[in-house]
Amino acid sequence: MATSVAWQPQEQGFNEICRLLEQQISPSSTADKSQIWQQLQQYSQFPDFNNYLAFILARAEGKSVEIRQAAGLLLKNNLRTAYKSMSPSNQQYIKSELLPCLGAADRHIRSTVGTIVSVVVQLGGIAGWLELLQALVTCLDSNDINHMEGAMDALSKICEDIPQVLDSDVPGLAECPINIFLPRLLQFFQSPHTSLRKLSLGSVNQFIMLMPSALFVSMDQYLQGLFLLSNDPSAEVRKLVCAAFNLLIEVRPSFLEPHLRNLFEYMLQVNKDTDDDVALEACEFWHSYFEAQLPHENLKEFLPRLVPVLLSNMIYADDDESLVEAEEDESLPDRDQDLKPRFHSSRLHGSENPEDDDDDIVNVWNLRKCSAAALDVLSNVFGDEILPTLMPVIQAKLSASGDEAWKDREAAVLALGAIAEGCIKGLYPHLSEIVAFLIPLLDDKFPLIRSISCWTLSRFSKFIVQDIGHQNGREQFEKVLMGLLKRILDTNKRVQEAACSAFATLEEEAAEELAPRLEIILQHLMMAFGKYQRRNLRIVYDAIGTLADAVGFELNQPVYLDILMPPLIAKWQQLPNSDKDLFPLLECFTSIAQALGAGFTQFAQPVFQRCINIIQTQQLAKVDSVAAGAQYDKEFVVCCLDLLSGLAEGLGSGIESLVAQSNLRDMLLQCCMDDASDVRQSAFALLGDLARVCPVHLQARLSDFLDIAAKQLNTPKLKETVSVANNACWAIGELAVKARQEISPIVMTVVLCLVPILKHSEELNKSLIENSAITLGRLAWVCPELVSPHMEHFMQPWCIALSMIRDDTEKEDAFRGLCAMVKANPSGALSSLVFMCRAIASWHVRITLHLILLSVIFFGSFWLS
């Protein structure tokens with residue numbers, strides 16, 4: 001396979017590659033596909049192998065389209081890794097073979113060529129292939145549909161993958177490529193060919209976010225084109241029209257403001273489109289409109305027409321996959337594909353904990369869910385104003401009798417849940433009636449009505465709990481509690497999932513109010529634990545963990561632990577260290593350990609040791625999976641680190657003997673240096689927790705921990721790893737309080753990192769700002785002689801941050817640092833006295849500290865005089 005100036009394929013090589021490709025794609029071939037793939041990869045080492053692929057794609061007309069297309073797809077993949085290292089002559093040969101194929105007679109060949117063209121432009125740029133631009137223009141301006149469609153397909157892929165290159169100056173061109181192509185794209189909006197209308201509109205839409213000047217000045221023509229296509233016979237085109245309006249309302253709403261009335265009318269119409277994908281795209285518009293901060297009043301007169309459309313679209317479609325899934329009995333084992341990917345949220349210290357996933361029980365985003373979300377948004381914007389329109393429709397659907405009307409009844413219950421928060425002022429006087437109506441629906445014959453009733457009750461749970469103070473409210477709460485517990489033991493998987501999730505929401509709201517019913521709650525949850533399949537078992541773990549968080553130390557009674565712990569420990573012992581079903585169990589144990597406190601001591605040793613073993617195995621697997629006997633998965637490390645944090649928080653100093661007998665310190669140091677940010681995030685959280693309860697066991701590597709933690713604050717990628725920086729910052733503060741003067745070598749390094757964070761607080765999250773302010777104060781408290789000479793450089797932003805922090809012991813430490821600094825360097829505070837006073841005024845707790853702070857003000861006033 002030698003390369004020459006005028007490259008030509010050798011017949012033997014050509015035939016061999018075609019034979020391999022044919023065997024690779026043939027479903028009836030008995031050849032080993034992996035061996036064929038290896039052979040093709042070996043051939044890839046020859047410099048002109050990709051030339052053969054280009055030749056087969058472009059010229060092997062005696063071969064099947066499938067073989068030619070397979071050659072093209074392999075060429076595309078090869079170019080991604082090899083293009084820049086190829087000789088210029090081979091690059092040129094491939095490009096020269098691609099251009100004539102833009103107008104190939106077979107659309108599969110044209111499409112494959114378009115994909116390769118986009119890859120070449122990504123790798124080599126427009127400037128390296130000016131002939132392409134001329135070829136595209138020639139094809140677009142021809143009257144041959146194959147040439148026009150082939151060029152448009154290639155151009156659309158470039159617009160999708162790398163639109164910015166078309167809006168850049170190119171050496172050798174008098175103007176940007178977008179100026180050349182945009183007029184042609186807009187002209188194609190009027191093409192009689194559906195494919196050209198679709199590809200041209202999709203291409204222009206790719207530039208809305210970039211908004212190049214060419215599109216900006218052509219906006220009137222673009223909008224006219226959109227209105228022209230608004231009732232296009234092609235559903236794909238209508239969907240793209242809706243997508244364009246959604247992007248425009250988000251990026252440049254001013255362009256659409258003169259047309260809002262017509263736009264509302266159009267979106268109302270398309271919300272009822274017979275094609276669900278079009279209707280879904282239109283439904284997204286309502287959320288986009290409110291996100292754009294446009295006047296709400298504009299939409300008010302359309303509500304009487306919009307609300308019924310949304311409610312109508314909330315009815316299950318006949319082909320909704322949920323209808324099939326809803327029939328699954330609990331006895332049917334879950335398949336691996338039934339298990340949704342789970343993502344553990346690493347431990348975060350501060351005021352901004354990660355939010356839970358959306359509490360809607362529908363997992364796939366579709367027209368039904370989007371319509372419910374739109375109704376939720378409308379209720380939060382307009383509140384009770386939508387009730388006169390909505391409630392008669394809901395009541396009519398709820399009163400519909402007969403099995404054939406169950407979907408209408410289900411949609412009405414979904415609507416009630418969607419407006420539960422936004423319209424609560426108008427609904428609250430009728431809450432008891434609503435709850436009384438929903439509770440019997442928990443026993444409905446249709447599983448999806450039972451499941452949606454669970455969800456809707458959970459949406460009202462905050463208000464149900466608020467009424468516990470009076471007799472009727474207490475009875476109502478008990479009925480909801482028992483109703484959900486009964487449904488947790490439903491035989492239908494979908495209902496089990498909804499009931500368990502709804503109960504977890506109720507737990508969060510009710511908290512200690514659950515204590516009197518703990519025994520019966522635990523009995524139901526552990527019965528579910530014994531019968532659920534793998535997917536729903538994860539939700540039971542979550543409900544148990546949420547219960548532990550809600551009732552706290554109330555759980556630490558033998559009668560409760562005898563119900564709760566034996567099944568969990570049995571499962572813990574049953575699962576091997578490599579089983580991902582351990583993840584939710586580890587999270588569950590974390591909550592239990594924190595709730596039980598010292599009460600978890602009896603279970604702590606085996607749990608602690610297993611976490612150590614798992615982390616050790618994973619750290620070995622990272623470098624040698626064979627020796628470890630397991631594949632590396634960082635989530636095992638993260639979950640185990642977080643459980644160890646839970647143990648430290650729950651056991652307090654009681655964890656000291658476990659730490660002393662382990663190699664946790666050195667292992668933790670390695671985790672703090674891990675290349676995965678979520679591992680580092682959890683590692684620094686554990687470092688701070690250990691600093692609180694057993695700092696003596698960190699002593700030998702204290703300087704190493706401090707150095708590594710400080711580096712997390714001084715990185716150009718701070719915004720990308722802000723949660724790591726947050727926990728590292730907090731850990732430094734905890735170490736400072738315990739180690740005192742021993743941290744002095746690192747103090748100024750950390751201060752120099754914290755000051756820029758405080759000065760740019762508007763660009764970073766609240767939790768990092770709070771922890772930075774607290775840690776700076778703690779450093780000033782233990783080493784005032786080092787920090788105070790520099791205080792005038794950070795006093796104002798620091799005091800502003802302190803004034804925003806809730807009162808607690810960490811804030812108290814920070815104020816002690818303020819006192820120590822002012823005492824050491826009174827003149828350094830003079831220019832920031834007003835800010836200091838505001839910070840002090842934010843403290844509302846301890847009188848002793850308040851008096852100290854008042855003396856600081858007096859001291860500052862003395863210097864002012």
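No hydrogens, no waters, no symmetry mates; every other heavy atom, side chains included, goes into these values. Numbers for residues simply follow the sequence, beginning at 1.
- Not one N or O on the side chain of Lys239 forms a donor-acceptor pair closer than 3.5 Å with the backbone of Ala279.
- Lys272 NZ: 12 or fewer foreign heavy atoms inside a 6.0 Å radius.
- Remark: the backbone N or O of Trp7 is not paired with any side-chain donor or acceptor of Tyr93 at under 3.5 angstrom.
- Annotation: Gln122, atom CD; neighbour count of heavy atoms from other residues, nucleotides and ligands within 6.0 Å is above 12.
- For Arg107, the CZ atom counts as loosely surrounded, since its 6.0 Å shell holds 12 or fewer non-hydrogen atoms of other residues, nucleotides or ligands.
- Between the side chain of Ser218 and the backbone N or O of Leu215, no donor-acceptor pair lies under 3.5 Å.
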Kindly indicate, with the supporting measurements, whether the criterion side-chain contact (heavy atoms from CB on, under 4.5 Å) is fulfilled by Arg538 and Asp581.
CA-CA 8 Å; Arg538 297 176 176 186; Asp581 285 343; 3.9 Å; yes
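- In this structure Glu22 satisfies the side-chain hydrogen bond (donor to acceptor under 3.5 Å, both in side chains) test with no other residue, sequence neighbours excluded.
- Under 3.5 Å, the side chains of Gln69 and Asp106 contain no donor-acceptor pair of N or O atoms.
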Go through it in stages, so that I can follow the logic: the residues are Glu97 and Leu57, the test is side-chain contact (heavy atoms from CB on, under 4.5 Å), and I'd like the CA-CA distance, side-chain angles, deciding distance and then a yes or no.
CA-CA 9 Å; Glu97 290 296 319; Leu57 171 66; over 6 Å; no
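- Proximity of a side-chain donor or acceptor of Asn246 to a complementary backbone N or O of Glu281 within less than 3.5 Å is detected.
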Just do the side-chain contact (heavy atoms from CB on, under 4.5 Å) check on Glu160 and Leu155 with the steps written out, would you?
CA-CA 9 Å; Glu160 181 179 353; Leu155 185 57; over 6 Å; no
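- The neighbour count for Asp275 CG, taken as heavy atoms of other residues, nucleotides or ligands under 6.0 Å away, is above 12.
- To the nearest 0.5 angstrom, Ser213 atom OG is 9.5 Å from Ile178 atom CD1.
- Separating the CD atom in Gln91 from the OG atom in Ser96 is a distance of 12.0 Å, to the nearest 0.5 Å.
- Salt bridge status for Arg68 with Glu61: absent, with no side-chain N to carboxylate O gap under 4.0 Å.
- Annotation: side-chain hydrogen bond (donor to acceptor under 3.5 Å, both in side chains) contacts involving residues 173-193, sequence neighbours excluded, comprise Asp141-Arg184.
- Panel note: side chain Asn15, backbone Glu11; a donor-acceptor pair is recorded below 3.5 Å.
- Below 30°, between 30° and 60°, or above 60°: for Phe14 and Phe55 the angle between ring planes is above 60°, a perpendicular geometry.
- Using cut-offs of 30° and 60° for the angle between ring planes, the Phe264 and Phe285 rings count as perpendicular.
- The neighbour count for Met209 CE, taken as heavy atoms of other residues, nucleotides or ligands under 6.0 Å away, does not exceed 12.
- At least one cation-pi condition fails for Arg197 and Phe188: the charged atom is not both under 6.0 angstrom from the six-membered ring centre and inside a 45 degree cone around its axis.
- The backbone N or O of Gln10 lies less than 3.5 Å from a partner atom in the side chain of Tyr52, making a donor-acceptor pair.
- Across Asp273, Asp277, Asp232, a single residue satisfies salt bridge (Lys or Arg N to Asp or Glu O under 4.0 Å) together with Arg238, and that is Asp273.
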Show your working on side-chain contact (heavy atoms from CB on, under 4.5 Å) between Glu149 and Arg110 and close with a plain yes or no.
CA-CA 8 Å; Glu149 190 178 276; Arg110 294 198 300 270; 2.6 Å; yes
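- Looking at Tyr289, Phe255, Phe227, Tyr222 one by one, the single match for ring pair (Phe, Tyr, Trp, His ring centres under 6.0 Å) with Phe245 turns out to be Phe227.
- No donor-acceptor pair under 3.5 Å is formed between the side chain of Ser26 and the backbone N or O of Gln23.
- Contacts of Leu173 classified as side chain to side chain contact (heavy atoms under 4.5 Å, CB included), with partners at least two apart in sequence or in another chain: Leu130, Leu133, Val170, Pro177.
- With 3.5 Å as the limit, one finds a donor-acceptor pair spanning the side chains of Asp32 and Ser34.
- Looking at Ser118, its side chain never comes within 3.5 Å of a backbone N or O of Thr115 through a donor-acceptor pair.
- Within the 3.5 Å criterion, the main-chain N or O of Glu284 finds a donor-acceptor partner in the side chain of Ser288.
- Panel note: side chain Glu635, backbone Phe583; no donor-acceptor pair is recorded below 3.5 Å.
- One side chain, Lys157 or Ser111, offers a donor N or O that lies under 3.5 Å from an acceptor on the other.
- A side-chain hydrogen bond (donor to acceptor under 3.5 Å, both in side chains) with Asn90 holds for exactly one of Asn50, Asn51, Asp48; it is Asn51.
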